[in-house]
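Quick one: structure below, then a few questions.
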Amino acid sequence: MDYKKLIAELIDINGVSKDELYELITLSKDANNGDYALPCFKFAKTMRKSPALIAQELKNSVRQDDNIKIVEAVNGYLNFTIDKVAFAKRTLDEVLREGDSYGASDEGNGKTVCIDYSSVNIAKPFHIGHLLNTSIGASLYRTFNKLGYKTVGINHLGDWGTQFGKLISAYKRWGDKEDIEKRGVDGLLEIYVKFHEEAEKDESLNDEARRYFKNIEDGDEEALELFRWFKEITMKEVMKVYDRLHVSFDSYNGEAFYNDKMAPVLDELEEKGLLVLSEGAKVVKFDGDEMPPCLLVRQDGATLYATRDMAAAFYRKRNYDFYKSLYVVAYQQNLHFRQVFKVVEMMGYDWAKDMVHVAHGMVSLEEGAMSSRHGKVVFVKDVLDTAVKKALKVIEEKNPNLEGKEDIAEKVGVGAVVFAMLASGRIKDIVFDYDKVLAFEGETAPYVQYTYARCCSLIEKASIGDNVDYSALDDPSAHEIVKLISRLKDSYREAVRRYEPSVMVRHVIDLSKAFNKFYFESRIIGAEEGVKNARLLLVKATKQVIKNELELLGIECPEHM
RNA sequence: GCACUCUUAGCUCAACUGGAUAGAGCAUUCGGCUACGGACCGAAAGGUUAGGGGUUCGAAUCCCUUAGGGUGCACCA
């Protein structure tokens, strides 16, 4: 039930539509100001009266409704306090009836959202920068899906470019097949780093690398075989990480995939007179000095990153007919995407407006930026392992008799890391710090998981009878929980609208805090029967909502920890 | 140099996109288990929202400007 709508129906103001009223009504921040509020300042000008007076007069003319208990005029606001008991009953009924699908909706039915995220580079390590990216993308993927959208997760593999020539060159010089088979990407990275060191001394290595890459492009069997082998080794390792993160993709079409799909796009640009020659290269220029030109074909005829992204944009539109096409990529690529989107727009396609660069911050180390070339990276695998190890240690301290410790430590450790990635606004830079990622107290995944485990424990220990006294939920702490529970879908919607998973992190943290406060204040098991049952229903609903929301964040919740 | 972006408590972040006394976590100090899980709860202290203008009944939020940080700007991806 929509209280805003109800309240809007109860108020009549000359010249103000119900829709306008609806938009003006807000949630009260402070419980002392009731549950909903109508600020009356906007009316002051047309009504030529003070907001305080308007609120006072409205208070007297508001129609009564059983769901609204108190109407008060305070400081130019008209505050509404709802019937908490009816609200609690309705909310808990709904949560418990819908269970795992509480918060879900079909509002996105018939709309497809493409989400390009993670996009790992072949033969390069899966480092914490990718973890931030992957966590955000995967969470958006699940959340759009929950709201009924058809989602297409695309891992736009970085599997093209001269780096593969470098790698072949390096492998031929210093590579050991068995060693690389055994050590995987570590082994590849090692020879890649060595190549860069040697190339500094000997320029000719770079020429050799370019030749090898040309071989790949020309379909030389030996070069292709190595290329495929590098890819296989990388994906094997990357998949292990995806499994731990519970992330999967619908498409792994990366740069190599678009290799033969660029020509038609270039032809069309040519036809439309957008592609012009500049210093031997083919570029698209923008009006005035809005942006530097977008370079699409090099002097030597080779294509570029932007060319492949153009091809990908068209491919995705054609194949998925998307409603939105999201690119979850660090803000480093800001100009790149602005250019690509603009070029599509200049070609006359109005769906250019549906492409969105979901930019996120950069992850760096305390000693500075990460660099694959110099081997200065933190591997996701290592971070997860360290977190899981710590979780296991904490379990040994606090709950040594727990069953399935390893499995639970995995859920807690990985959860803590993912949560840390999603906790603050996506645009924020992160200076990677083990202490922060491994924090298990305060606003962290383990805190939320702990809250969940508490709920589970209560449900296990007691049974819920039919005699439910909902009036027991009329206190501020219980009401706070009910309010938060009722806003799960709003949390999803806002996360999707802003492409911002941290909204859900905020919400699930707030809910956990509210629950723990309530838990401390109120005796549950052992309370009078009707009260006990009402409180247990609240516990059960809290448990359900935490589970639903953590799932979208990509965090598991063990029943015991 | 130009463009994008960020700056809120000692540190890390919120603030429902213009609304009421700017809120949390960590760290610090103090307090709370003869109660259902102490990975918890409560309290204290901590602020000229980087500085300055402007718009507005009302600004952390919008506009201008200054300073500082990050990122990007032609043949890498």
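Quick caveat: nothing in here was measured; it's all calculated off a predicted structure. To find a chain, count down the sequence lines: A is the first, B the second, and so on, and within it residues start at 1.
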(Q) Once you measure the plane-to-plane angle for A/Tyr519 and A/Phe515, does it fall in the parallel (<30°), tilted (30-60°) or perpendicular (>60°) bin? (A) tilted
Q) Which ones in residues 411-424 of chain A lie close to RNA chain B, meaning a heavy atom under 4.0 Å from one of its atoms? A) A/Val412, A/Ser424
Q: Output all residues satisfying ring pair (Phe, Tyr, Trp, His ring centres under 6.0 Å) with A/Phe41, sequence neighbours left out; order by chain, then residue number.
A: A/Tyr77
(Q) Once side-chain hydrogen bond (donor to acceptor under 3.5 Å, both in side chains) is applied, do any residues pair with A/Ser477, and if so which ones, sequence neighbours excluded? (A) A/Glu521
Q. What residues in residues 519-529 of chain A put a non-hydrogen atom under 4.0 Å from any atom of RNA chain B?
A. A/Tyr519, A/Phe520, A/Ser522, A/Arg523, A/Ile524, A/Ile525
Q: Quick one: list whatever passes salt bridge (Lys or Arg N to Asp or Glu O under 4.0 Å) with A/Arg535, sequence neighbours left out.
A: none
Q: Can you label the angle between the A/Phe341 ring and the A/Tyr327 ring as parallel, tilted or perpendicular, going by 30° and 60°?
A: tilted
Q.
Give me each pair satisfying ring-ring contact (aromatic ring centres under 6.0 Å, His included) with a member in residues 434-455 of chain A, each pair once, sequence neighbours excluded.
A. A/Phe432-A/Tyr434
Q) What class does the angle between the rings of A/His357 and A/Phe337 fall in, given that below 30° is parallel, 30 to 60° is tilted and above 60° is perpendicular? A) tilted
N/O donor-acceptor pairs under 3.5 Å from side chains in residues 483-492 of chain A, not counting sequence neighbours:
from: A/Ser486; atom 1: OG; to: A/Lys483; atom 2: O; distance (Å): 2.7
from: A/Ser491; atom 1: OG; to: A/Glu549; atom 2: OE2; distance (Å): 2.6

Q) Hey, is the side chain of A/Tyr450 poking within less than 4.0 Å of OP1 or OP2 on B/A39, counting only N and O atoms? A) yes
Q. Taking OP1 and OP2 of B/C76, is either one under 4.0 Å from a side-chain nitrogen or oxygen of A/Thr162?
A. no
Distances for protein N or O near nucleotides 5-7 of chain B N or O, under 3.5 Å:
from: B/U7; atom 1: OP1; to: A/Lys428; atom 2: NZ; distance (Å): 3.4

Q: Look at the side-chain N and O atoms of A/Gln332 and state whether any lies under 4.0 Å from the OP1 or OP2 oxygen of B/G72.
A: yes
Q) Which ones in residues 437-449 of chain A lie close to RNA chain B, meaning a heavy atom under 4.0 Å from one of its atoms? A) A/Phe440, A/Glu441, A/Gly442, A/Glu443, A/Pro446, A/Tyr447
Q. In residues 28-37 of chain A, which ones come under 4.0 Å of RNA chain B, going by heavy atoms?
A. A/Ser28, A/Lys29, A/Asn33, A/Ala37
Q) If the C1' atom of B/U34 is compared with that of B/G25, how far apart are they to the nearest Å? A) 32 Å
Q. What about A/Ser278: does its side chain form a donor-acceptor pair under 3.5 Å with the base of B/A74?
A. yes
Q: Not counting sequence neighbours, which residues clear salt bridge (Lys or Arg N to Asp or Glu O under 4.0 Å) with A/Lys231? List them please.
A: A/Asp159
Q) In residues 506-518 of chain A, which residues come under 4.0 Å of RNA chain B by heavy atom? A) A/Arg506, A/Lys513, A/Asn516, A/Lys517
